[in-house]
Amino acid sequence: MTYPIELTINGEFIKLDIPANWRLIDVLRRDLSMTGTHEGCGEGDCGACTVLVNGQAVSSCLMLAVEANGCEIQTIEGLADGDILHPIQEAFIEVGAIQCGFCTPGMIMTSKALLDKHADPSEEVIRRTLAGNLCRCTGYEKIVSAVKAVSSKLLNQTDSIAE
Amino acid sequence: MSTETEFSTIGKRVTKPDARDKATGRALYATDLVVPRMLYGKILRSKQIHAKIKNIDTSRAQRLPGVICVITAEDTPKIAYGFGKDNLPLKFGKVRSLMDEVAAVAARTPEIAAEALELIEVEYEPLREVTDPFEALKEDAPLIHEQRADNLSMVFDYVHGNIDQGLDESDHLVEGRFDVQFIAHSCLGPCASIAEWQTDGTLLMKTPTQVPFLYQRDMADVLGIAGSQVCVEQPYIGGGFGSKLDLYPYEVIAALLAKKAARPVKIEYDRQEEFLYSPVRSPMVMDVKTGCTKDGQLTVRVADIWSDNGAYNSWGAVTPLVSMQTASALYRVPHVHFYCRIIYTNNPYGGAMRGFGNPELTFAIEQQIEELAEICGMDPLEFRLLNANQPGETNLAGMKITTCGLSDCLNKSAEEVDYKKRMTEVGSDRGVGIASAIHVGGGARIYPSDGCGVIVRINDFGKVSIISGSTEIGQGSDTILTQIVAEELGVPVDWINVVNTDTDVRPWDVGVHASRTTFIAGNAALKAAREVKEKILETAAEILKEKPGKLTIKNGEIISIENPEKKLPLGKAIRSKHFRQGGSVISGEYYYDPPTVHQDKEWRGNISATYGFGAHAVDVEVDRETGKIKVHKVAAAHDVGRVINPVGAEGQVHGGVAMGLGYALTEQIQLDSGRMLNPNFTDYKIPTTMDIPEVVPIFVETNDPEGPFGAKGMGEITMVPTAAAIANAVYNATGVRIKSLPITPEKVLNALKAKEQK
C-alpha cells in the first residue's frame with residue numbers, strides 16, 4: 001500500500017508515492033539518495049538522523065513519512081549555499097568538532113534548530129539541547145565549543161549590522 | 001636554537017581534510033553505499049546459546065519471491081578462520097553463543113530478506129551451557145570446542161625477576177580482587193559491507209575495516225582463494241576504537257552470498273545487531289598483589305587474571321599482550337609475575353578495544369599504589385614520583401624507555417586539581433584522585449612486520465598525493481600525514497591530498513591499532529617526502545646552477561638558502577624533470593618498520609620504538625544519599641613526544657576521557673545466560689553532553705628522537721587511567737574503595753553501608 005505525499009526538501013518541492021510504513025529517513029535515504037542524514041539507532045536514542053521539520057529538530061527515524069506530508073524539511077545537504085558553508089558547518093570544521101563524522105550531520109541540524117531560535121544560548125542550554133545527540137569520538141567538548149563560536153559570531157554580525 | 005619556531009605546519013591547528021565532506025553530508029559511509037544490481041543480505045543467528053544443530057530447513061525461505069539465494073555452512077568451504085582458527089563464518093554442527101551465524105539470505109530488498117529469515121527452520125539439540133569463566137574451568141564443564149581438552153583457550157604467563165625475593169624485600173604488601181565488565185565499542189556508524197565479485201574472479205569488498213591488508217589475507221584464506229584475488233576498499237568509517245580490527249563472519253557471508261547470487265550483496269547492521277553481534281571488550285577478574293619497602297620503593301607485583309573470552313578467539317583473546325606491559329612497566333618494579341587465562345564460555349566473544357587490556361589492569365594497579373602509599377604514610381603523588389619510569393631505563397621485560405615525561409604528567413595534572421592540598425582534606429564528599437598510564441607509542445610488534453608503506457608523488461602543477469597504507473578512522477591521521485609531508489616538502493597543506501583508495505593501489509600497512517599511525521605512517525611519509533624533496537632540489541640545482549644542498553623549499557618555492565633572491569617556482573622544476581627524454585616521475589616511497597623486536601618465549605623484548613605516558617587527575621563529588629558520583633574535572637596530561645596538531649591531540653584526549661568515564665561509571669553489557677539485556681542506547685549508557693565534566697588536556701613534549709618531528713602515538717592511552725583515577729578520588733571523598741567497574745551508585749552505597757557497620 002503506497003500513499004502520495006508532498007514535501008518541500010531544502011526548498012525543492014517533491015511529490016512521492018511511498019509505502020505506508022516508511023519513515024521520513026527512509027524517504028530521504030532510500031528514495032532520494034540523500035545519505036547525509038545518518039541512521040545510528042533507528043530508535044530515537046542517538047540523534048544522528050536529526051533533520052528540521054518546519055524548523056523543529058526531529059529524529060527522522062521516529063517520524064512516519066506520511067506524517068511529514070505538507071511539511072518543509074531541511075537536511076544537512078541543504079545547509080550550505082553552494083560552496084559557501086553555513087556558519088555552523090564552518091565552526092565544526094574550524095574548531096575540530098568532527099572526528100569519524102557519523103554524528104556530525106545530526107549535531108549540526110540540532111544546533112541549527114537551537115541557534116535559529118536563540119542567538120546566544122548559554123553553555124548549559126547548548127549541552128541540554130545536544131544531550132540527545134550521541135558522539136563516541138569527540139567527548140563533545142569541541143562540538144559545544146563550535147556551537148558557542150557560531151553564536152558569538154552571529155551576535156557580532158548582528159551587532160555590526162545594528163551599528 | 002629551538003627549531004619549533006621554524007615549523008610552518010607542525011604544531012599548527014590545521015583542519016581535517018575530511019571535515020568538509022563530513023560537515024556537508026557528502027561523506028559516504030558503508031551504510032550509504034548502493035551499487036547496481038545489489039542485493040540485501042541478512043543473517044539468521046542462533047536462538048540457542050549452546051546446542052547441536054540437528055537440521056536446517058531453508059526450503060520455505062528459498063521459495064519466497066524476491067529471495068535470490070539462501071546459504072548454510074553446507075554451501076561454504078567450511079574453513080575455520082580467526083586468530084585461533086576456531087570460528088566458521090556459518091556454523092556447522094553446533095552453535096556456541098547467541099552471536100552464532102546459522103544461515104543467510106540474499107534478497108531483492110531488506111524487507112524480503114528479513115521475512116525469509118523467519119521461514120528458515122532450525123532444529124537444535126540443546127547442550128549444557130557455561131557462561132561463568134570460573135565454572136568453565138571446572139573438570140565437568142561442558143566443552144565449548146569439543147576438539148580441545150578443556151575450555152582454556154590460552155595462557156599468558158611470565159616471571160621477570162624473582163618473586164620470592166620480591167616478597168622478602170617487601171615491608172608492606174597489599175592484595176585484592178578487582179573486576180572489570182563487558183563493554184561495547186558503541187561506534188555511532190553501524191557495520192556494513194558490500195561484497196562484489198569482479199569478472200576477473202577478484203572479490204571487491206567495500207568495508208570499514210581498520211586492517212585492510214590483514215583483512216585481504218584473512219578473507220582469502222577463509223574463502224580458499226589467493227590473497228591477490230581480494231581487493232579492499234574502505235569507505236568513510238563511522239568509528240573504530242578497535243572494533244574493526246578483525247575479519248568478521250558477516251563480511252565473509254556477504255562474499256559467499258555474492259558468489260552464489262553472482263550479484264553484489266550488502267549486509268548492514270541495525271543498532272540492535274550492532275550491540276548483539278559485534279565483539280565486546282572482555283571482562284576480567286584480576287587478583288593483584290603489590291609490595292613495597294617501608295620508604296615506598298616498589299618491590300614486587302603479581303597479577304593473576306581470568307578473562308572471559310566468549311566462544312571464539314578474536315583479538316580479545318590476546319589483550320594480555322598489553323596488560324602484561326602494564327604489569328611490567330607501570331612504574332619501576334623489579335619482580336613481576338603475570339598470569340592470565342583466556343577462557344572459552346558461551347558468552348559474546350571479545351575483540352580489540354582502545355587501550356587493549358591496559359585500562360583493565362591499570363584500574364587494579366593504580367588503586368594498590370594508593371593503598372601502599374597510605375600504609376607508608378606517604379603522599380600518593382610523592383609515592384608515584386618515587387617509582388616513576390625514567391628516561392634511559394630498560395626494564396626486565398626488555399622495554400626500553402627512551403623519552404619519558406611521566407613525572408611531568410603527574411605533577412602537571414595534580415597541580416590542575418590542587419591535588420596536594422585537597423588530598424589531605426577529609427570529611428567532605430568531594431575528593432581528588434590520580435592515576436598514571438604507560439602505553440606503546442612507537443608501534444607494537446605483534447605481526448612479523450610492524451611497518452607501513454607510503455608513496456608521495458607530486459604532479460607538474462605541484463599537487464602532492466600521499467598514497468599511504470594507513471587508515472583514517474576519524475582520529476585525524478590523514479591530517480597528521482598531510483602536515484608532516486607539507487613540513488618536509490615546504491608546501492602549503494592545501495596542496496596535499498591523501499589518496500584513500502583500495503589495497504591494489506596503496507602500499508602495505510598492519511592497520512590502525514596500537515596508537516601507531518602518527519608514529520609509523522608518519523615516519524614513512526616523512527622519509528618518502530624527503531626523497532621527493534631531494535629529487536626536486538637536484539633538478540632545481542641544475543636550473544639555478546646551485547648545489548642541491550644550498551637549496552630549500554619554502555611555501556611551494558625553491559630558494560637558495562644563502563641567496564634568497566635566487567628562486568624557482570616548484571612547478572617549473574617538476575615540469576623540467578618530467579618533460580624530457582630520460583625524465584622521471586617525481587615520487588618518493590618509504591616503508592618504515594620500526595627498530596623493535598618480537599617478544600621472546602619469556603615475553604621479553606622491546607616491542608615498541610617508544611612509549612607514551614600519561615596521568616589523569618580528577619575531582620569528584622559523591623552523594624552519600626544516592627551513591628551517585630559527579631565528576632567535576634579531569635586534568636589529562638600526556639607525554640605525546642610532540643604535538644603535531646593541537647586540535648587532533650586535544651580531540652583524542654577529550655574522546656579518550658569520555659570513553660574512560662563511561663567505562664568507569666555507566667557502561668556495562670548486561671548478560672543473562674549469554675543474552676544481552678540492554679542492546680540499545682537507552683539502556684547501554686555512553687556519556688552524553690550532560691555527563692562530561694571540564695576536561696583539561698595538558699601536553700608534555702619530550703621530542704622523541706625516533707618519532708616523526710618527535711611525536712609519539714597517543715590515541716589509546718587517553719582512556720587508560722581515567723577509571724582508576726576516579727576510583728581513587730571516590731576513596732578520597734568517602735573512604736570506600738570500589739574495586740569493581742562500573743562504579744555504580746549501588747556499589748558505592750553498599751560499600752558505604754558496609755563501612756558504617758564496621
Side-chain angles (χ1 to χ4, degrees), chain A residues 19 21 29-30 33-48 75-80 85-86 88-109 124 126-144, chain B residues 13 15-16 18-29 31-34 111 185-190 236-241 270-272 274 472-476 645-648 650-659 661-662 680-682 686-692 694-695 697:
Chain A
N21 62 348
R29 289 179 58 86
R30 287 177 74 167
S33 302
M34 295 174 70
T35 52
T37 301
H38 297 154
E39 181 160 356
C41 71
E43 295 172 323
D45 287 333
C46 80
T75 72
I76 190 72
E77 289 94 342
L79 219 52
L85 299 187
H86 187 279
I88 304 175
Q89 291 171 313
E90 286 283 4
F92 269 63
I93 295 169
E94 283 302 315
V95 170
I98 301 170
Q99 287 190 29
C100 91
F102 197 87
C103 73
T104 306
M107 287 284 180
I108 290 178
M109 296 313 288
E124 170 74 11
I126 296 171
R127 285 189 180 269
R128 275 195 192 286
T129 308
L130 292 174
N133 289 73
L134 298 178
C135 170
R136 189 61 154 168
C137 300
T138 66
Y140 305 104
E141 178 63 31
K142 290 187 184 298
I143 293 171
V144 174
Chain B
R13 296 188 166 263
T15 57
K16 279 162 72 77
D18 49 337
R20 207 175 161 92
D21 271 0
K22 290 172 175 176
T24 52
R26 292 172 58 97
L28 293 176
Y29 298 82
T31 40
D32 300 328
L33 300 180
V34 174
E111 289 79 8
H185 299 79
S186 311
C187 301
L188 258 283
Y236 278 115
I237 298 174
F241 316 113
D270 62 22
R271 178 54 52 186
Q272 186 170 327
E274 183 76 17
E472 166 72 57
I473 47 173
Q475 85 283 34
N645 186 333
V647 180
E650 288 157 10
Q652 286 303 306
V653 171
H654 286 296
V657 167
M659 206 173 256
L661 281 168
N680 57 68
F681 282 129
T682 308
I686 68 168
T688 73
T689 46
M690 300 303 290
D691 304 313
I692 303 293
E694 181 191 0
V695 177

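Throughout, a chain's letter reflects where its sequence line sits, starting with A, and its residues are numbered from 1.
In terms of heavy-atom pairs under 4.5 angstrom with chain B, the leader among A:Cys103, A:Ala131, A:Gly96 is A:Ala131. Between chain B and the options A:Glu94, A:Met34, A:Glu90, A:Glu39, the largest number of non-hydrogen pairs under 4.5 Å is found for A:Glu94. Between chain B and the options A:Cys46, A:Gly36, A:Gly101, the largest number of non-hydrogen pairs under 4.5 Å is found for A:Gly101. Ranked by heavy-atom pairs under 4.5 Å with chain A, the list B:Gly655, B:Ala658, B:Ala27 is led by B:Gly655. Ranked by heavy-atom pairs shorter than 4.5 Å toward chain A, the options B:Met659, B:Glu650, B:Lys16, B:Arg20 are led by B:Arg20. Of all the listed residues (A:Gly44, A:Gly78, A:Cys100), the one sharing the greatest number of non-hydrogen pairs under 4.5 Å with chain B is A:Cys100.
In this structure, B:Val647 and B:Thr15 have side chains that are not in contact, with every pair of non-hydrogen atoms separated by 4.5 Å or more. Side chains of A:Arg136 and B:Cys187 form no contact here, defined as non-hydrogen atoms less than 4.5 Å apart. A 4.5 Å side-chain heavy-atom check between A:Lys142 and A:Val95 finds at least one atom pair inside the cut-off. With contacts defined as side-chain heavy-atom distances shorter than 4.5 Å, the pair A:Ile108/A:Phe92 qualifies.
At a 4.5 Å heavy-atom cutoff, B:Arg26 makes no contact with chain A through either its backbone or its side chain. With a threshold of 4.5 angstrom between heavy atoms, B:Ile692 approaches chain A through its backbone and through its side chain. Contact annotation for B:Asp32: both backbone and side-chain heavy atoms come within less than 4.5 Å of a heavy atom of chain A. Contact annotation for A:Arg127: both backbone and side-chain heavy atoms come within less than 4.5 Å of a heavy atom of chain B. In this structure, chain A has no heavy atom under 4.5 Å from any part of B:Tyr236. Residue contact with chain A, scored on non-hydrogen atoms closer than 4.5 Å, involves the backbone and the side chain of B:Gln652 alike. No part of A:Leu79 comes within reach of chain B, as not one of its non-hydrogen atoms sits under 4.5 angstrom from that chain. Using a 4.5 Å cut-off between heavy atoms, A:Gln89 contacts chain B through both its backbone and its side chain. Heavy atoms of B:Ile473 lying under 4.5 Å from chain A belong exclusively to its backbone. Only the side chain of B:Asp18 comes within contact range of chain A, judged by heavy atoms closer than 4.5 Å. Residue B:Leu661: no heavy atom, backbone or side chain, is found under 4.5 Å from chain A. Heavy atoms of A:Phe102 lying under 4.5 Å from chain B belong to its backbone as well as its side chain.
Within 6.0 Å of CZ in A:Arg30 there are more than 12 heavy atoms belonging to other residues, nucleotides or ligands.
Not one N or O on the side chain of A:Glu43 forms a donor-acceptor pair closer than 3.5 Å with the backbone of B:Asn680.
Between B:Pro697 and B:Val695 the shortest heavy-atom distance is CD-O, 3.4 Å. The minimum heavy-atom distance linking A:Thr104 with B:Ala23 is given by the pair CG2-CA, 4.1 Å.
One finds the CD1 atom of A:Ile143 at 8.5 Å from the CG atom of A:Asn133 (value rounded to the nearest 0.5 Å). Here the CZ-OG1 distance, from A:Arg29 to A:Thr75, works out to 12.0 Å after rounding to the nearest 0.5 Å.
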Exercise. Start with the C-alpha gap between B:His185 and B:Phe241, add the side-chain angles, then the distance that decides, and say whether ring-ring contact (aromatic ring centres under 6.0 Å, His included) holds.
Key: CA-CA 7 Å; B:His185 299 79; B:Phe241 316 113; 7.6 Å; no
